[in-house]
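What follows is one structure encoded as structure tokens, with my remarks underneath.
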There are 2 protein chains.
Amino acid sequence: MSKNPEKAIWDAARKIFLSRGLSGARMQDIADEAGINKALLHYYYRSKDKLFAQIFEKELVEFVFNLESIFTSDLSFFEKIERFVEQEIQTFLECPELPLFLLNELAQQVSCSRSEVKCMHNNNLRLLFRELVKTEIKEGRIKEIDPDQLFIHVVSLTVYPFLAKPMIQAMMDLSEDGYKEFIQVRKGEICRFVYDSLSAEDKEKFSITKIF
Amino acid sequence: MSKNPEKAIWDAARKIFLSRGLSGARMQDIADEAGINKALLHYYYRSKDKLFAQIFEKELVEFVFNLESIFTSDLSFFEKIERFVEQEIQTFLECPELPLFLLNELAQQVSCSRSEVKCMHNNNLRLLFRELVKTEIKEGRIKEIDPDQLFIHVVSLTVYPFLAKPMIQAMMDLSEDGYKEFIQVRKGEICRFVYDSLSAEDKEKFSITKIF
DNA sequence: GTCTATAATTTGATAGAC
DNA sequence: GTCTATCAAATTATAGAC
């Protein structure tokens, strides 16, 4: 390795874990990627599980934390949403495996009462957003909507295309560049879609046909 | 096992693979789940990889195939979308691990030129939807929008909440029942959100502030 | 067909020289 | 600290009795 071994191992492990997950990753592959010997992994990080746990927690905390700052800024509501979408997309274009990695490993956690999950529960991202939406509704700037559902709307529209990257590429026959182009265009499309929906006049309400 | 062993093994393997993925699954666990001996797994399915490949392909093909029928029905456009959302949600409430399983294993595929992926590429789901949207736009019943983006919008809104189940439960402090309730409510919310957006009057167009 | 026993291989982890 | 060599456990796969 060129840099110090601890850092080299961290970077290598992050790369391998993110692309193959905990159970799919091999210590030998991490060592090779880091350009050092397998024994050094254990010297610096004790075990595979400990190494993974540290990386996973850091990625998760960082990810959640990054989002909070946006909603405390002094931008307008739609600018906040736009900023949110932009930041998510920028993050995931730089590291496309991140969302699938996080969600997949979260789903594998035996106990969901671990510190990382607590950090999500205790974060005020949801509360911040809830207050923002309530205000917008009260002021009559957007339609009535459940803030939690709206939050999931925005996150879904933004994150899903990264989770489904191979499926989207296959269905739409996109090259790597074509996919990135699709995502770039999508940035604006998401904002417009959300804006249109929240600004819509009240017409006859869309009634759910009971099919089942 | 009570039923015939081949079927028992299939069901057990499906369950284990869906919850833990290929690399996380153990042949011993599958044998235990099926109530038979490990050697029988190999007798019926040769190897772990072959067993997995068969199950994965079946799940993927079935999943894609089920969706096509909706868009060839004689429902109205919004009823088709509603039906699509309902069917997806029903499928995933019955098998919540399915979406994460499919997307995760698709992302792990070394070569994305395998038959399963070809089946997606060659399916006409996208083309069917594209024509539907074009017609609606031409007839002036919905706003102008790229059909591909709209398709991903609808799928995102529907599928993401299942992919992010643990995160949503943690953030919103939901029990198992609370989560199901959230999803049920969401069914209507998605339809309304999409309907509102596609029906919105043209106002001043939402301009993307250049932040970066 | 189904089992027990075991082989063959992979893989996480450690001992010990330098 | 870093390496080579090796162990111990886990895991896929098979041989062979019944």
Side-chain angles (χ1 to χ4, degrees), chain A residues 1-59 97 101 104-105 107-111 114 116, chain B residues 1-59 97 101 104-105 107-111 114 116:
Chain A
M1 76 245 99
S2 44
K3 26 190 176 179
N4 77 75
E6 193 163 354
K7 169 72 173 155
I9 292 172
W10 181 279
D11 291 342
R14 182 179 179 280
K15 178 176 171 185
I16 300 293
F17 280 136
L18 256 78
S19 66
R20 298 184 220 169
L22 171 58
S23 66
R26 297 290 157 252
M27 294 295 265
Q28 185 62 60
D29 295 335
I30 296 175
D32 292 347
E33 177 73 30
I36 49 96
N37 190 279
K38 219 177 21 161
L40 263 201
L41 299 184
H42 293 91
Y43 176 77
Y44 281 105
Y45 294 96
R46 288 296 293 177
S47 75
K48 183 186 180 184
D49 281 343
K50 288 194 206 312
L51 175 54
F52 176 83
Q54 286 183 51
I55 290 177
F56 177 70
E57 171 135 15
K58 181 162 185 300
E59 293 297 324
E97 318 91 338
F101 168 76
N104 197 45
E105 299 300 335
Q108 297 300 325
Q109 305 275 344
V110 267
S111 162
R114 293 172 47 162
E116 310 92 47
Chain B
M1 77 251 95
S2 44
K3 28 193 175 180
N4 77 75
E6 193 162 355
K7 170 71 171 156
I9 291 171
W10 181 279
D11 291 342
R14 182 181 180 279
K15 178 175 171 185
I16 300 293
F17 280 136
L18 255 77
S19 66
R20 299 184 220 170
L22 170 58
S23 66
R26 296 290 159 254
M27 294 294 265
Q28 185 61 60
D29 295 335
I30 295 175
D32 293 347
E33 177 72 29
I36 48 97
N37 191 278
K38 222 176 21 163
L40 264 201
L41 299 185
H42 294 90
Y43 176 78
Y44 281 104
Y45 295 96
R46 287 298 293 176
S47 74
K48 182 186 179 185
D49 281 343
K50 288 195 207 310
L51 175 54
F52 177 83
Q54 286 185 50
I55 290 178
F56 177 70
E57 170 137 15
K58 180 162 186 297
E59 292 296 324
E97 319 90 338
F101 168 76
N104 197 46
E105 300 300 336
Q108 298 300 326
Q109 306 274 346
V110 267
S111 162
R114 292 172 49 162
E116 309 93 47

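Labels below follow one simple rule: chain letters A, B, ... track the order of the sequence lines, proteins then strands, and each chain is numbered from 1. In this text the structure is predicted, and so the values were computed from the model without any measurement.
With sequence neighbours excluded, the residues that form a salt bridge (Lys or Arg N to Asp or Glu O under 4.0 Å) with A:D11 are A:K3, A:K7. Legend: residues meeting salt bridge (Lys or Arg N to Asp or Glu O under 4.0 Å) with B:E105, ordered by chain and number and at least two apart, are absent. With sequence neighbours excluded, the residues forming a side-chain contact (heavy atoms from CB on, under 4.5 Å) with B:A31 are B:Q28, B:I36, B:K38, B:L41, listed by chain and number. With sequence neighbours excluded, no residue forms a side chain to side chain donor-acceptor pair (under 3.5 Å) with A:S19. For B:E97, the salt bridge (Lys or Arg N to Asp or Glu O under 4.0 Å) criterion is met by no residue, not counting sequence neighbours.
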What nitrogen or oxygen pairs link the protein and nucleotides 15-17 of chain D at under 3.5 Å?
none

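Annotation: ring pair (Phe, Tyr, Trp, His ring centres under 6.0 Å) contacts involving residues 20-41 of chain B, sequence neighbours excluded, are absent. Counting only residues at least two apart or on different chains, no ring pair (Phe, Tyr, Trp, His ring centres under 6.0 Å) pair has a member in residues 29-50 of chain A. Residue pairs satisfying the salt bridge (Lys or Arg N to Asp or Glu O under 4.0 Å) criterion with at least one member in residues 13-24 of chain A, sequence neighbours excluded, are listed as follows: A:R14-A:E59, A:K15-A:E33, A:R20-A:D29.
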Could you list the donor-acceptor pairs under 3.5 angstrom formed by side chains in residues 46-55 of chain B, with sequence neighbours left out?
| from | atom 1 | to | atom 2 | distance (Å) |
| --- | --- | --- | --- | --- |
| B:S47 | OG | B:K50 | N | 3.2 |
| B:K48 | NZ | B:L22 | O | 3.0 |
| B:K48 | NZ | B:A25 | O | 2.9 |

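If you measure from atom CG of A:D29 to atom C1' of C:dT10, you get 12 Å, rounded to the nearest angstrom. In this structure, the NE2 atom of B:H42 is 17 Å from the P atom of C:dA7, given to the nearest Å. For the pair B:L41 CG and C:dT2 P, the computed distance is 12 Å after rounding to whole Å. Between the CG atom of A:L51 and the P atom of C:dT11 there is a distance of 17 Å, given to the nearest Å. Rounded to an integer number of Å, the gap from B:K50 NZ to D:dT12 P is 16 Å. Whole-Å rounding puts the B:N37 CG to D:dT12 P distance at 14 Å. Between the CD atom of B:Q28 and the P atom of C:dA5 there is a distance of 14 Å, given to the nearest Å. Residue B:K48 contributes atom NZ, which lies 9 Å from atom P of D:dT11 at whole-angstrom precision.
Of the listed nucleotides (C:dT2, C:dA13, D:dT2), D:dT2 has the atom at the smallest distance from the side chain of A:L40. Residue A:R46 places its side chain closer to C:dT14 than to any other of C:dC3, C:dT14, D:dT4.
Using a 4.0 Å cutoff on non-hydrogen atoms, the parts of residues 14-27 of chain B near DNA chain D are B:A25, B:R26, B:M27, ordered by number.
A:F17 contributes atom CZ, which lies 12.0 Å from atom CZ of A:F56 (distance to the nearest 0.5 angstrom). Within the model, atoms CD of B:E6 and CG of B:L40 stand 10.5 Å from one another, a figure rounded to the nearest 0.5 Å.
When the local axes at the two ends of the helix from C:dG1-D:dC18 to C:dC18-D:dG1 are compared, using 5 base pairs at each end, they differ in direction by 10° after rounding to 10°.
Nearest-nucleotide mapping onto DNA chain D: of A:K38 and A:Y44, the residue sitting toward the 5' end is A:Y44.
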